[in-house]
Amino acid sequence: MASGSGTNLQALIDAATPNVDIVGVIADRVGVGALQRAESATIPTRVIRWTGHDGRDSFTTAICDAVDEFAAEGLVLAGFMRILGPEAIRRFPQRILNIHPSLLPAFPGAHAIANALAYGARLTGVTVHFVDEEVDHGPIIAQRAVPILPDDDERSLHTRIQEEEHVLYPQVVEEFASGRLDVVGRMVRRR
Ligand code: GRF
């Protein structure tokens, strides 16, 4: 599921790991790079517009129904900029993954990179986690650190963060798809 340029989707497509079959791409808006990347890879797409629904609950129901139509076993959020309602977590418990451009729990939210720079942090990074009912909060599956350099701006830092994302996310999605991740409380254990 994506809202933007879809470079993480592209990394997942290109990784072509053995147990991952990308059965569909859902976007919340038309004309985004992620949809073009999916179409180029002949992956079916669906657009479920936020504006077409009268609130988070009906938007979430539409997303969950689309996931069922795709017969997907998991949901991978890759730059999906909408918050899903509780129904998604009920219907797909521990089956929704997200990638976030900071070392959670530091700098949650939509401006993680700008906030890390503004805070004067020396180290930030990437977190892949299971999605729960709170934003950028669920059990952490994997993290990679990225140093913040003295001359960094949002763009240069995002570029280096994305280099890590494009390696890490395909690895984690493969682990998930292979059934190697167990959630015990807040801890994710590997088989
Ligand atoms: C990524 O940097 C991810 O951390 C954040 O949104 C961005 C999506 O980028 N959640 P892309 O659309 O995959 O290029």
Side-chain angles (χ1 to χ4, degrees), residues 1-17 20 22 24-41 43 45-50 59-60 63 72 74-84 88-89 92 95-119 121 123-149 152-176:
M1 299 173 55
S3 306
S5 66
T7 63
N8 279 284
L9 168 64
Q10 191 67 54
L12 290 161
I13 293 169
D14 294 344
T17 51
V20 177
I22 306 173
V25 170
I26 300 173
D28 62 329
R29 58 197 78 177
V30 293
V32 294
L35 289 171
Q36 288 158 14
R37 292 174 191 275
E39 281 154 20
S40 301
I43 298 168
T45 60
R46 280 284 304 275
V47 176
I48 298 176
R49 285 185 190 79
W50 173 259
F59 175 75
T60 300
I63 297 266
L75 282 73
V76 176
L77 310 190
F80 188 69
M81 298 307 285
R82 299 285 176 191
I83 297 165
L84 295 172
I89 287 89
F92 305 104
R95 286 196 282 148
I96 310 176
L97 275 62
N98 184 41
I99 189 158
H100 182 78
S102 77
L103 292 175
L104 291 172
F107 310 117
H111 306 289
I113 295 172
N115 290 344
L117 283 166
Y119 204 87
L123 198 62
T124 185
V126 178
T127 301
V128 180
H129 65 95
F130 283 108
V131 172
D132 69 5
E133 294 195 5
E134 290 176 52
V135 175
D136 299 330
H137 174 270
I140 290 171
I141 305 169
Q143 293 185 303
R144 292 288 179 274
V146 175
I148 297 179
L149 305 178
D152 263 336
D153 56 18
E154 240 183 278
R155 198 175 158 157
S156 62
L157 182 54
H158 197 186
T159 299
R160 291 206 319 287
I161 286 176
Q162 286 218 308
E163 285 168 10
E164 293 292 333
E165 291 185 337
H166 298 161
V167 176
L168 185 63
Y169 217 9
Q171 288 173 0
V172 172
V173 174
E174 171 64 19
E175 285 186 301
F176 169 69

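Whatever order the structure lists ligands and atoms in, that order sets their numbers, starting from 1. The shown structure was predicted, so the numbers you read here are calculated from the model rather than taken from an experiment.
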Which residue owns the protein heavy atom closest to [atom], what's the atom, and how far is it?
| atom | result |
| --- | --- |
| atom 8 (C) of ligand 1 | G79 CA, 3.5 Å |
| atom 7 (C) of ligand 1 | Q162 NE2, 4.0 Å |
| atom 10 (N) of ligand 1 | I99 O, 3.0 Å |
| atom 3 (C) of ligand 1 | E165 OE2, 3.3 Å |
| atom 14 (O) of ligand 1 | T7 OG1, 2.5 Å |
| atom 12 (O) of ligand 1 | G6 N, 2.8 Å |

### Task
Classify the ring geometry between F130 and F176 as parallel (under 30°), tilted (30 to 60°) or perpendicular (over 60°).
perpendicular
Please examine the side chains of [Y] and [X], heavy atoms only from C-beta on, and report whether any two atoms are closer than 4.5 Å.
| X | Y | result |
| --- | --- | --- |
| Q171 | L168 | yes |
| V76 | M1 | no |
| R160 | E164 | no |

When V146, I113, L117, T159 are each screened for side-chain contact (heavy atoms from CB on, under 4.5 Å) with D152, the one that passes is L117
**Item:** Contact check, A2 vs ligand 1, heavy-atom distance below 4.0 Å
**Value:** no
- Query: If only atom types and distance count, is the side chain of T124 paired as donor or acceptor with the main-chain N or O of A116 below 3.5 Å?
  - Reply: no
Near H158 (heavy-atom distance under 4.0 Å), the atoms of ligand 1 are 2 (O)
